Amino acid sequence: MDTKQKITFAVVGVVCGAAIIAMLVFLFMLIGQMSEAKQVRDDAEATLTGYYNSERYPNEGNRKIRQQDAQAYTQVADAARALLSHGLEIPQGETPSQFVTRIGESVRLLNERQSALKKGALPAAKKSAAEPEAVMDYAFGRYVVQGEMPADDGTTVPRLATQFAAIEHVCNLLLDRGALEITEVTRTVFETAAQAKPEAEEPRTTRRSRRNRKAEAEPAAATADALDPVLEQDGVTRESYTIRFHARYTTLATVLNDLVKSPLFVVVIDVSIARPVLIRDRVADMVKKREAQRAVIARRAANARTEEEKKAAEAAAAKPLFDGASPAERLVTDPEHSTPLEITLKFDVYSVPPAPEAAADEAAPVAPAETEGN
């Protein structure tokens, strides 16, 4: 074999060896991929086998979990219902005349209390003697002012009593916490007059004037959207109220905190606050008064006859504008000296009748305890 053949044979051997090595590498890679694919297949088989071998749903364990969940949900619902059933006490079995007499006396006491508070109010809150004082009827003017009687159908009087109890509770709470005046109260008006004459028997002008008098005598009811059907199916009722009053911010904050602790389930819908006097106008008025006092002092200094009087007047004129002024004569942020606000409080009261078991327990007489004889 000559040299050329040896070289050719060596080159062919190297090429064949490289090809064999490459094929071996590819073979090992394919073997690894096959092992991974087999592992994936075995895992999927094990998962399917586990699914097929597991117990069907619902089994005994699933039923126990669902029963525990249902029991927990029932406890939460009962606790919520208990909160809604904590209302204010109202007289039971009242006749329409008894109801009107009772709320008339309560309205009179509330108005007397407001009159007593107005005597100690700020001068800006006082009314002149010539101006007639409006009588508050607390949204029950048709009964305590116009003399109407609610319908004696067994449902109107209890609902009216519930509404008046809520209004009286919140109004007393406002007055206890420092409210200066309650100016307007509205409620959800649901009732109709017990005896209403047909409008066809009256002249048109009479009907129009009667409607106008009725609209002026009784404020419009607080409008609200419809109650959730789910709550309505559970027997939940909602009454909407609006109370407008004059008070400082500390009174409003305290009353809102007290409503959380009250037996009523109250949901505050809106709180609107307005200032009767702008701070800018109040500052300008205070500065104007102090400048007028300083002008008087300057005239005294100019007309002083002795040197001592002139020096005293000049020293008084050199003092700061609000030097020596009382807290009420200065613009301060202290709530004790702040201007009363005009506040409108809108809230809903949710309630639900007590459970039949609780009502039966309350109605059932308590038997005396038995004692053993000697």
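Numbering of residues begins at 1 and proceeds along the displayed sequence. Values in this document were obtained by computation on a predicted structure and should not be read as measured data.
A distance of 11.0 Å separates CG of Asn62 from NZ of Lys64, quoted to the nearest 0.5 Å. Atom-to-atom distance recorded for His86:NE2 and Ser351:OG is 12.5 Å, nearest 0.5 angstrom. Atom CZ of Phe265 is separated from atom CG of Leu83 by 6.5 Å, given to the nearest 0.5 angstrom. Leu84 contributes atom CG, which lies 11.0 Å from atom CG of Leu264 (distance to the nearest 0.5 angstrom). Separation of atoms SG (Cys16) and CD1 (Ile21) is listed at 11.5 Å; rounding is to 0.5 Å. The distance from the CZ atom of Arg113 to the CG atom of Asn111 is 12.0 Å, given to the nearest 0.5 Å.
In this structure a side-chain-to-backbone donor-acceptor pair under 3.5 Å is present from Thr188 to Ser240. Using modelled atom types, no side-chain atom of Ser85 and backbone atom of Val352 make a donor-acceptor pair closer than 3.5 Å. Using modelled atom types, one side-chain atom of Arg81 and one backbone atom of Asp234 make a donor-acceptor pair closer than 3.5 Å. A donor-acceptor contact shorter than 3.5 Å is absent between the side chain of Asp348 and the backbone of Val266. Side-chain N or O atoms of Asp153 include one that pairs as donor or acceptor with a backbone N or O of Thr156 at under 3.5 Å. The main-chain N or O of Thr95 is found under 3.5 Å from a side-chain atom of Gln98 such that the two form a donor-acceptor pair.
Pro263 approaches Leu88 most closely through the heavy-atom pair CG-CD2, 3.7 Å. Of all the heavy atoms in Arg177 and Thr251, the pair that sits closest is O-OG1, 3.0 Å. Residues Asp137 and Val107 come closest through the heavy atom pair O-CG2, 4.2 Å. The heavy-atom pair separating Ala247 from Ile343 by the smallest distance is O-CD1, 4.0 Å. Between Arg102 and Pro91, the closest heavy-atom pair is NE-CG, 3.6 Å.
The residues Glu112 and Arg108 are annotated as salt-bridged, a charged nitrogen and a carboxylate oxygen being separated by less than 4.0 angstrom. Remark: Glu239 does not engage Arg187 in a salt bridge, criterion side-chain N to carboxylate O under 4.0 Å. Under 4.0 Å is where a charged nitrogen must lie from a carboxylate oxygen, and between Arg159 and Glu191 no such pair does.
In this structure, the side chains of Leu160 and Tyr143 come closer than 4.5 Å at one or more pairs of heavy atoms. Between Phe140 and Phe99 the shortest side-chain heavy-atom distance falls below 4.5 Å. A heavy-atom distance below 4.5 Å is found between the side chains of Val189 and Arg142. Val185 has its side chain within reach of Met136: a pair of non-hydrogen atoms, C-beta onward, lies under 4.5 Å apart. For the pair Ile243 and Leu174, the minimum side-chain heavy-atom distance is below 4.5 Å. Between Leu180 and Phe245 the shortest side-chain heavy-atom distance does not fall below 4.5 Å. Contact check for Phe347 versus Val267: no side-chain heavy atoms found under the 4.5 Å cut-off. Within the 4.5 Å cutoff, the side chain of Asp270 has heavy atoms near those of the Ser272 side chain.
Put simply, Val268 and Val349 are part of the same group of oily side chains (I, L, V, M, F, W, Y) that touch within less than 4.5 Å, one to the next. Ile90 and Leu173 fall into different hydrophobic clusters, where Ile, Leu, Val, Met, Phe, Trp and Tyr are joined by side-chain heavy atoms under 4.5 Å apart, directly or via other members. Val170 and Leu109 are members of different hydrophobic clusters when ILVMFWY side chains are connected at heavy-atom separations under 4.5 Å.
For the residue pair Asn257 and Thr254, no side-chain donor N or O sits within less than 3.5 Å of a side-chain acceptor on the partner.
Glu89 CD: 12 or fewer foreign heavy atoms inside a 6.0 Å radius.
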